[in-house]
Structures are given as C-alpha cells and as structure tokens.
Amino acid sequence: MNNDVYPMLEVNLDKMFHNISKVVELCKNNGIKVAGVIKGVNALEPIVNEFINAKIDMLASSRLEQLKTIKGKNDSIMTMLIRIPMLSEVSEMIKYSDISLNSERVLLDKIEEECTNQNRTHRVVLMADLGDLREGFFSEDELIETALYVENNLSHVHLEGIGVNLGCYGSIKPDTNNLGKLSDIAFKIENIIGRNLEIVSGGATSSLTLILDGKMPSKINHLRIGEAILLNRDLIDYWGYNMDFLYDDTMILKAEVVEVKDKPSYPIGEIFIDAFGNKPEYEDIGMRKRALLAVGKQDIGDFDKIIPLNNEIKLIGSSSDHLIADITEVNSDIKVGDIIEFKLCYQAMLYLTESPWVSKKYIRKSDI
Ligand SMILES: *Cc1c(COP(=O)(O)O)cnc(C)c1O
C-alpha cells in the first residue's frame, strides 16, 4: 500500500552526492576549495550527510542555528558562517562556526572579546564589496587596514583571508576584472603581513562560470557553492551553460490534483485584487481545461518558480494553498487524484525544504 503524503518533496540523495562530488572535483582541478552552502535546503540532515560523505572541505550557512545543529551531530565538520554575524550572536557563533565572513571592526573586537572569555580562537574572512553593494568593505584602504588590525592586534582572531560576494543585490557578474581586483588586494595584504592568506574566496555559484570559461584568476582558491550543487538551474537557465555533468532533478515536488474542469480564462465580475493584494493581468483566450492542485504559495513561493516535468502543462496562477494549471494542451488524461511532478528553482527549494506541511521523501537512484 502506498502511503505517500502530498505535497511531497522527493530528494534523490545519489544525485545530490553526484553533484557535490562533481563540483568539488571541478573546483579542485582549479586549485579551489569548496564551502558547501546548505542554507538553500534549510540544512536538511540527509542532504547535509551527502556533503559529509563527499568529503566537502567545509559546510556553510547564513543561519547560525543550522551550523549549530551540524556541529551538534559531528564536531569535526568545519563550518563557515556566511552572513555577517549579528553582535547578539557572536558568543554562540564562535562555538559553532569555525570561520565567519566579516566587514565591521566592532564585530571583530567583539569576536576577540568573546574568544578571550571562552578561551577559543576563531578565523575570519574579510569581505570586499567590489560593486554588488551588499556586504563588505567598500574602501580598499579600510579593508587592508582592518586586515592588518586583525593580524597584529587580535590574538584570538586569525585572519584567514578575504572574499567577495557578487550577483546577490546589485546583480553584478563575477569577471576577471572584479576577481582580479580581489586577487590584487590579497597580494597586497600578503606582502604587508609576510605570509599567505589561507582563503581568497571568489564568490558563489555564479563564479563557477569563470572556471568553466578557463578564466578564473589563479589567486582565487575558495568558492561558496549552494545552488549549482543543490539544483543546477541558474547556470543553465540564466547563463546558458551546458551543465550536463550535473543533475537538475535532484529534488522533485509532487502535488496532487483536486479538481479538473473546463473554465473561462478571463475572470467574471469586477477585477479587483488577488489573495496577496496584487492586481494581476488576465488574458481572455476562451474556455480552457484546468487542473487545480493542492499546493500553493506557502509551499513554493511564486508559481513561476517551479517547472512541470510535463512541458505541456502550463501554470497560470496560485494562492496560498492552491496552484492552477492550464492542461488544455496535455495529451494524456489528467484526473483528480493524479500526481503532477515539478523541478524547482531556488525560491521553491527554500520554501519546500522549510515547510512542515510538505512531506519529505529521500530516495536513492536504485529506488527508481
Ligand atoms: C547564499 C550565499 C552563497 C551561496 O550562493 P549560491 O548561489 O547558492 O551558490 C555564497 N556566499 C554567500 C555570502 C551567500 O550568502
């Protein structure tokens, strides 16, 4: 008897392991270590275990709670906090995160103070803002001064290196210009302190494009990768790369059809606002065959962030708990009780992995 519960997120752990191993190998061949970023799947334990099985160099998250859970299960895993720590979490942070990204003197002083109190040491990567305008020192001089300050004045804080984040707020592409700049700053700091920096961290999934193009500056020796491993959508959909060496169906959403009816495509009555206060546009294309599915914005975010495996299905809208599909063009017969399958974009992955209302099923390749 099949007792599956829907909506369901089905994770193929073998495909996940494959993606982790391939990305790690690609980076290793270019002298680059990988921090496996697990915030996108809310650090779901079976997925985290695949990263550990694949001998990832370190695990990273923006959420300290996730690193705390990982450390609680296995203290020997190296962890990296990739959101600038909150002042209020520094005392916990140095217990559960071996390395953190930083951009504020006041936080570095606080880390030193807490480390002194707790008799610990902590490693920091100072962030350079090279134009994306989210975190990091905007002034190169200030970055270098702060690096020297950590090196010379903070005995419990180790200057592990420098890094950059791109393509998150300002949508800036990583290229040889900005990553070259990061390399230059690293050389300058190394010259002054008289030793090598352990980490020069050149960004996230989008920075893999430089490796794929054979253009990664040799000084970059670290990347923080989530999306390419977990989903492998961005470099295909937005960048147009052939990413056949990775799976793009590591995670599948399965949702159940609860209604199938012919309905007009244009709403009837005075059009006002939808369930979320938006004013969508509707196009009148006559009567259409529609399927209503039991999954909604609460589980996936926007409906255009999931992709039906059957490309004859066209998604047209959603509210908190419902998804509406136009199935007029579908060749097969879709009925109430059928299960429709989807690939995910990042937003849907983030929501689905977090939701207590979405069941999780973990399979191996051999199960299919
Ligand atoms: C989320 C995040 C990453 C990982 O980004 P992906 O696109 O998932 O690879 C890397 N660095 C920082 C600072 C992040 O916040």
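Atoms within each ligand, like the ligands themselves, are counted from 1 in listed order. Everything numeric here is computed off the predicted structure, so don't read it as measured data.
Backbone and side-chain nitrogen or oxygen atoms of I225 are examined, and none is located within less than 3.5 angstrom of a nitrogen or oxygen of ligand 1. Considering both main-chain and side-chain atoms, E135 never comes within under 3.5 Å of ligand 1 through any nitrogen or oxygen pair.
Here the heavy atom of the protein found nearest to atom 14 (C) of ligand 1 is K39 NZ, 3.0 Å. Ranking the protein heavy atoms by distance from atom 12 (C) of ligand 1 puts N165 OD1, 3.5 Å first. Scanning all protein heavy atoms for the shortest distance to atom 9 (O) of ligand 1 gives T205 OG1, 2.6 Å. The shortest contact between atom 5 (O) of ligand 1 and any protein heavy atom is with A204 CB, 3.3 Å. Nearest protein neighbour of atom 8 (O) of ligand 1, counting heavy atoms only, is E227 N, 2.8 Å. The single protein non-hydrogen atom nearest to atom 11 (N) of ligand 1 is R224 NE, 2.8 Å, given as residue, atom name and distance.
Using a non-hydrogen distance threshold of 4.0 Å, M80 does not register as a contact of ligand 1.
Judged by the 6.0 Å distance and 45° axis criteria, R233 is not positioned over the aromatic ring of Y346.
Interatomic distance, L154 CG to L159 CG, rounded to the nearest 0.5 Å: 10.0 Å.
For K110, the salt bridge (charged side-chain N to carboxylate O under 4.0 Å, His left out) partners at least two apart in sequence or on another chain are E114.
With side-chain heavy atoms closer than 4.5 Å counting as contact, directly or through intermediates, the hydrophobic cluster containing Y6 also holds M8, I339.
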